[in-house]
Enquirer: 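Take this structure, written in structure tokens, and hold onto it; I'll ask about it next.
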There are 2 protein chains.
Amino acid sequence: MVDSASGQSSQALLFLTDEQLRKGIEAMFFAYRGFTADPDRILADMEYGRAHHRALHFIHRSPGTTVNNLLSILGVTKQSLNRVLRSLIEDGLVESRVGKQDKRERHLYLTDTGLVLERQLSDAQRDRMRSAYRSVGPAAVQGFRQVLEAMMDDDMRRHYESLKDKGA
Amino acid sequence: MVDSASGQSSQALLFLTDEQLRKGIEAMFFAYRGFTADPDRILADMEYGRAHHRALHFIHRSPGTTVNNLLSILGVTKQSLNRVLRSLIEDGLVESRVGKQDKRERHLYLTDTGLVLERQLSDAQRDRMRSAYRSVGPAAVQGFRQVLEAMMDDDMRRHYESLKDKGA
DNA sequence: TAAGATACGTCAGTCTTGTTGACATTCCAA
DNA sequence: TTGGAATGTCAACAAGACTGACGTATCTTA
């Protein structure tokens, strides 16, 4: 696992030891807690949870997206997403428009109120990310992104890439 | 750190734009799904969930840890952890020994059966991590770890560091 | 030694968020 | 035009988190 009968020095592969991999796993675990902590704190005061945050984020990112598309991005069942969407729509944060081409589809948009909350949540999350980025510099950030992308399932990477394009 | 009113071009700060930060947020989201997918698949066939996996992981990592310590690592309530521990102990995966110094404490250990399951779960999780690491190389991995560490809350970083030391 | 603090376990109840199952509507193609 | 597929909704349930209250054993300290 560490070497491989080639001329490669075993030193260069030390980052692939079980011990290093375990540390990476633990880093993911602890960091993800920090990653969600700030929005969670804001949401705790409302009747919303993390699921609402995720919906707001991706609707904001792809205005007019259909329920089905959102479903496959979030990786939950339509029934689960529906509960979240219903409350967001009832509260006037999200607007659901019947499709012009295909009337079975619903296209989702954030209302002005929805935009305000999305902004508040993502500001909090970006603040932490920004200060982490700033403290380690662009080279580390590039590595960070590379590893995360390599960890994704193919389906997720597809979604991720297609979101990336829109912003580029 | 990066710029600072010096002659640094604004190009060098492009990694701190809201757009780049959003991509980082999405990368975390999608990657975390991949991160938990493999163990989740294994656990789906049993009566256990992700919470059991986390307990097994950290008990394996710190044999003899107390309930209280595990509590603060996992960041859940004792009632929540207790449900998980009870089933693991009943099923003979975890052993709980009364403390020698302080008899109020319970020290937790994996049994042989517990070690087998922990190994199975962490193998699956490490496989994905290893292939990601290998595909991007050690420099990227270093950046990955740096960003994650910078994202943690101080409490979590404390736990993380103390686990690191044991393995070093 | 008595009083308070600490560590752990448990019961009961609630909330969020995931699940399946059943069903209505709409579209499309045989 | 009719049956199957796709889209979305409603209802019921389960896992896993939470709070609050309480009990017991043990330790520490006044």
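Below, chains carry the letters A, B, ... as their sequence lines are ordered, and counting in each starts from 1. Atoms considered below: every heavy atom in the structure, side chains included; atoms not considered: hydrogens, waters and symmetry mates.
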Enquirer: Would you kindly compare A:R106 and B:R86 by the position of their nearest DNA chain C nucleotide and give the one closer to the 5′ end?
Expert: B:R86
Enquirer: Would you mind reading off the distance between B:L81 atom CG and D:dT19 atom P, rounded to a whole angstrom?
Expert: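 So the CG-P distance, B:L81 to D:dT19, works out to 14 Å.
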Enquirer: Classify the ring geometry between A:F58 and B:F30 as parallel (under 30°), tilted (30 to 60°) or perpendicular (over 60°).
Expert: tilted
Enquirer: Select from B:R83 and B:K78 the residue whose nearest nucleotide in DNA chain D is closer to the 5' end of that strand.
Expert: B:R83
Enquirer: Between B:L43 (CG) and C:dG18 (P), how many Å, whole number?
Expert: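 It works out to 18 Å between those atoms.
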Enquirer: When you compare the side chains of B:E26 and A:H57, does any donor N or O come within less than 3.5 Å of an acceptor on the partner?
Expert: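 Result is yes, a qualifying pair exists.
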Enquirer: Have a look at B:D40 and tell me which of B:H53, B:Q125, B:R50, B:R33 forms a side chain to side chain donor-acceptor pair (under 3.5 Å) with it.
Expert: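 When side chain to side chain donor-acceptor pair (under 3.5 Å) is applied between B:D40 and each of B:H53, B:Q125, B:R50, B:R33, only B:R50 qualifies.
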Enquirer: Between atom CD in A:E105 and atom P in C:dA24, what is the gap in whole Å?
Expert: 22 Å
Enquirer: Rounded to whole angstroms, how far apart are CG on A:L71 and P on D:dT7?
Expert: 10 Å
Enquirer: Using atom CD of B:Q79 as one end and atom P of D:dC22 as the other, report the distance to the nearest whole Å.
Expert: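 For the pair B:Q79 CD and D:dC22 P, the rounded distance is 14 Å.
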Enquirer: Check A:V147 against B:Y133 and note the closest heavy-atom contact, atom names and distance.
Expert: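 In terms of heavy atoms, the two residues are closest at CG1-CE1, 4.1 Å.
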Enquirer: Within the pair A:R97 and D:dG8, is there a side-chain N or O less than 4.0 Å away from OP1 or OP2?
Expert: no
Enquirer: To the nearest Å, give me how far apart CG (A:N82) and P (C:dT20) are.
Expert: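 Rounded to the whole Å, the gap is 16 Å.
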Enquirer: Does NZ or CZ of B:R97 lie under 6.0 Å from the centre of the six-membered ring of B:Y109, at an angle within 45° of the ring axis?
Expert: yes
Enquirer: Counting the atoms with a prime plus P, OP1 and OP2 as sugar-phosphate, which does A:R50 contact under 4.0 Å by heavy atoms, base, sugar-phosphate, or nothing?
Expert: sugar-phosphate
Enquirer: Give a yes/no answer on whether the side chain of A:S80 brings an N or O atom under 4.0 Å of OP1 or OP2 in C:dT17.
Expert: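 So the side chain of A:S80 is outside the cut-off, no N or O lying under 4.0 Å from OP1 or OP2 of C:dT17.
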Enquirer: With no hydrogens and no angle check, do the side chains of B:H52 and B:S87 hold a donor and an acceptor under 3.5 Å apart?
Expert: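 Side chains of B:H52 and B:S87: pair found under 3.5 Å.
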Enquirer: Check B:L56, B:I42, B:D91 against B:Y48 for a side chain to side chain contact (heavy atoms under 4.5 Å, CB included) and give me the one that passes.
Expert: B:D91
Enquirer: Could you tell me whether the phosphate oxygens of C:dT17, OP1 or OP2, come under 4.0 Å of any side-chain nitrogen or oxygen in A:H52?
Expert: yes
Enquirer: Figure out the NE2/C1' separation between A:H107 and D:dG8, and round it to whole Å.
Expert: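 Result: 13 Å.
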Enquirer: Are OP1 or OP2 of C:dC8 and a side-chain N or O of B:N68 less than 4.0 angstrom apart?
Expert: yes
Enquirer: A:T77 side chain N/O closer than 4.0 Å to the phosphate oxygens (OP1, OP2) of C:dG18?
Expert: no
Enquirer: When you get a sec, tell me which of C:dA7, D:dA17, C:dT19 is the closest nucleotide to the side chain of B:V84?
Expert: D:dA17
Enquirer: Scan nucleotides 27-30 of chain C against the protein and return all N/O pairs shorter than 3.5 Å with their distances rounded to 0.1 Å.
Expert:
from	atom 1	to	atom 2	distance (Å)
C:dC27	OP1	A:K103	N	2.9
C:dC27	O4'	A:R104	NE	3.4

Enquirer: Let me know the distance between CD of A:E47 and P of C:dT14, rounded to the nearest Å.
Expert: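 In whole Å, C:dT14 P and A:E47 CD are 19 Å from each other.
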